[in-house]
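Atom set for the values below is all heavy atoms of this structure, side chains included, hydrogens, waters and symmetry mates excluded. These numbers were taken from a predicted model, which means no experiment stands behind them.
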Amino acid sequence: MRRDQDEPDQRRSARVDPGVDRPFPPPARPAGVLFDAVLLDRDGTLVEDVPYNGDPEKVRPLPGVREALDRLRAAGLRLGVVTNQSGLARGLFGAADLARVNARVEELLGPFDDWQVCPHDDRAGCRCRKPEPGMVYAASGALGTVPARCVLVGDIGADMVAAGAAGAGAILVPTPVTRPEEIAAAPHVARDLPAAVTEILRRQNALRPTTPRRDRAGTVLVVRSDSAGDVLVTGPAIRAVAAGARKIVLLCGPRGRAAADLLPGIDEVVEWPLPWIDGDPQPVDPDDMRHLTDRLTRLGADEAIIFTSYHQSPLPLALLLRVAGVPTIHAISDDYPGSLLDTRHRVPVGVPEPERALSLAAAAGFALPDHDGPGLRLRPDAVPPPPAELGGPGYVVLHPGSTVQARACPPDLAARIVRVLAEAGHRVVVTGGPHERELTALVAGDLGVDLGGRTGLAGLAAVLTGAGALVVGNTGPAHVAAALGVPVVSLFAPTVPYGQWGPYRVPAVRLGDAGAPCRDTRATSCPVAGHPCLSRLDPADVLAAVRLLDVPADRPPARTGPTVGVAAVAAGPPVGRAVTTSGGSGR
């Protein structure tokens, strides 16, 4: 049962990886701050939604908007507007009318640093009309940053999808016309724009240490004893601690060890299962706990930071660390810790897991260095090259399995997805671990490349380095893709919140029924017969999502089949089929 494998990693040059292998430029200003810019939808978000408005006299700001925007300006954030205005294409108003309306918006709400307007209707097939991400890319470029350092605030599903497909953050501010399924699928929801601004600024400030450290810490024990995905999303916080410490020791469990070996900033790994964390725990063995306490004592750590998920308690391990003589312990805890913690940090529910961990690091006085950003990273030297048999980059990877059954893609659906993608001209690579050979063979069929049993976590990362996109459930491989900057089609079972556990700061499209009965249950086995949150998904919607992420097919389609527009992924209907996006008729 007990496994004590502590292997020093002396590659100190990999301690704080600046992300030179990532497919976008470094941040325009010091990192450790989440956002450079806030992008805003116009109608229904900034001003009252007047259908096809070409009259500046009808511009009426929504309550509290001017004050909220001034708070963003005072914080140094740049502001951009991204708005669909199909009335131009329909001839309902002219360019001069639109200019006067936008000038009136600025007169009432203050200046914006950039305006992006899509003048097309939904038949044009352009890349700028939301839910396409073109305006998000254009606005971030005009503002001197990248989408990952922007957050878009809007009132309909098309806004959320456009932001996600570009890799930007997103906050939904619902109005009476916002559909319930759009609200369910949104990564974050605020009651109005002022509340959204409060959350943006809170998230920014949470990553700034209130008391920065004057000197480097000595040996710091960081703990994340959970699955590979949990360890990966803790990576940014580990890099922040590593930037301010002389030595980093990571305590993780067996399920997270492979991820630990991929992360920069770690000098030594201690692998030990913790029965109060493991999802399938063995009985507590007193001798094992004594051995663990002895091992922690020998580390001689000057302090410890216990990273946990929002539903886990750090206190059992904090007690052992006190017994082991660790003088300073930091953790997030809603439960009263007594004398077990020196820093008792609290985080609101729903914060993205990487930011949740980074905020704890900041509470302990650690911050990411200026050249590093809060995204996920892997050590470049730990990722081998992709297999030569894949024939060059650009393929789509489908990973059907999961260690948690409730989050896995149903095998028959996965097989149909492979067929639809392959018939549309995509090369499809199916990956899986050693115990998933039968699954991957079934899913790959005669149209996909079956790598089942040949892709451990490092091997999967190698395959993903050449991928145009990954299709996967909400499981560890999604975080590997995010760490490599690979776009994700997320077949997300809503047992946990998407805004907390979805692919972080990477282009992604969410599919599946976000309002299914399993929502927020944290179930590991599907509690609803037939796995309806994913089983009703149409594979054509996956193809539409791949196209939305701008992943080209690399050979002619095998046949001509039905096409599905991006509206299919914008609203997230319960059965996964195409719908028309809601919102004002002026869009």
Side-chain angles (χ1 to χ4, degrees), residues 24-30 33-47 49 53 56 59 61-62 65-89 93 95-120 126-156 158-173 193 196-197 200-201 204 373 505 507 550 583 586-587:
F24 36 73
R29 61 173 57 186
V33 175
L34 287 174
F35 306 118
D36 292 325
V38 178
L39 310 181
L40 301 123
D41 176 55
R42 194 190 78 177
D43 303 317
T45 302
L46 296 174
V47 299
D49 188 0
N53 184 26
V59 174
L62 291 168
V65 167
R66 174 62 192 253
E67 295 79 4
L69 296 178
D70 285 344
R71 291 174 64 198
L72 295 174
R73 294 179 181 113
L77 289 162
R78 285 156 276 177
L79 304 181
V81 179
V82 288
T83 177
N84 289 350
Q85 293 298 328
S86 63
L88 281 170
F93 54 78
D97 300 318
L98 176 63
R100 285 191 294 269
V101 169
N102 289 345
R104 179 60 173 163
V105 172
E106 289 206 328
E107 180 183 348
L108 295 171
L109 298 180
F112 293 90
D113 300 292
D114 184 57
W115 283 81
Q116 297 292 329
V117 177
C118 173
H120 309 107
C126 65
R127 285 289 287 174
C128 54
R129 180 176 172 81
K130 295 177 291 186
E132 292 281 353
M135 286 195 289
V136 179
Y137 282 109
S140 64
L143 296 171
T145 185
V146 293
R149 294 184 63 82
C150 298
V151 57
L152 191 156
V153 183
D155 66 320
I156 59 175
D159 298 314
M160 302 298 98
V161 174
I171 299 178
L172 182 73
V173 176
L193 183 62
V197 167
I200 290 167
L201 297 178
Q204 287 269 68
R505 296 173 81 91
D550 202 24
R587 307 185 195 182

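- Side-chain contact check for L39 versus V136: some heavy-atom pair is nearer than 4.5 Å.
- Remark: side-chain polar atoms of Q85 are not paired, donor with acceptor, to backbone N or O of P119 under 3.5 angstrom.
- Panel note: side chain R127, backbone G134; no donor-acceptor pair is recorded below 3.5 Å.
- At distances below 3.5 Å, not a single donor-acceptor pair connects side-chain atoms of N102 with backbone N or O atoms of A99.
- The shortest non-hydrogen separation linking L108 to V59 is CD1-O, 3.8 Å.
- Distance check, rounded to the nearest 0.5 Å: CD1 of I200 to CG of L193 gives 7.5 Å.
- Residues passing the side chain to side chain donor-acceptor pair (under 3.5 Å) test with D114 are Q116, sequence neighbours excluded.
- With rounding to the nearest 0.5 Å, the separation of CG in L62 from CG in D155 is 9.0 Å.
- F112 has its side chain within reach of V105: a pair of non-hydrogen atoms, C-beta onward, lies under 4.5 Å apart.
- The main-chain N or O of Y137 is found under 3.5 Å from a side-chain atom of S140 such that the two form a donor-acceptor pair.
- One finds the CG atom of L88 at 9.5 Å from the NE2 atom of H120 (value rounded to the nearest 0.5 Å).
- Qualifying salt bridge (charged side-chain N to carboxylate O under 4.0 Å, His left out) partners for D113, counting only residues two or more places apart in sequence or in other chains: none.
- With values rounded to the nearest 0.5 angstrom, E132 atom CD is found 7.0 Å from C126 atom SG.
- R73 places a side-chain N or O within 3.5 Å of a backbone atom of G110 that can act as its donor or acceptor partner.
- In terms of heavy-atom proximity, L109 sits nearest to P61 at CD2-CB, 3.6 Å.
- Between T145 and C150 the shortest side-chain heavy-atom distance falls below 4.5 Å.
- For the pair V173/D41, no side-chain contact is recorded, criterion being any heavy-atom separation below 4.5 Å from C-beta on.
- Side-chain atoms of R505 come within 3.5 Å of backbone atoms of L34 as a donor-acceptor pair (strictly under, hydrogens ignored).
- Among all heavy-atom pairs drawn from A170 and V151, the shortest one is N-CG2, 3.8 Å.
- When all heavy atoms of K130 and A162 are compared, the closest pair comes out as CG-CB, 3.8 Å.
- Residues G169 and A163 come closest through the heavy atom pair O-CB, 3.6 Å.
- Side-chain contact between N53 and D43 is absent, with no heavy atoms from C-beta onward closer than 4.5 Å.
- Between L201 and L77 the shortest side-chain heavy-atom distance falls below 4.5 Å.
- Taking the side chain as every heavy atom from C-beta outward, L172 and D159 never approach each other to under 4.5 Å.
- For the atom pair CE of M160 and CG of L152, the computed distance is 6.0 Å after rounding to the nearest 0.5 Å.
- If you take SG on C128 and CG on N84, they are separated by 7.5 Å, rounding to the nearest 0.5 Å.
- Checked against salt bridge (charged side-chain N to carboxylate O under 4.0 Å, His left out), E107 has the following partners two or more places apart in sequence or in another chain: R104.
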**Asked** Where do L46 and T83 land on the side-chain contact (heavy atoms from CB on, under 4.5 Å) test, with the steps shown first?
**Response** CA-CA 11 Å; L46 296 174; T83 177; over 6 Å; no
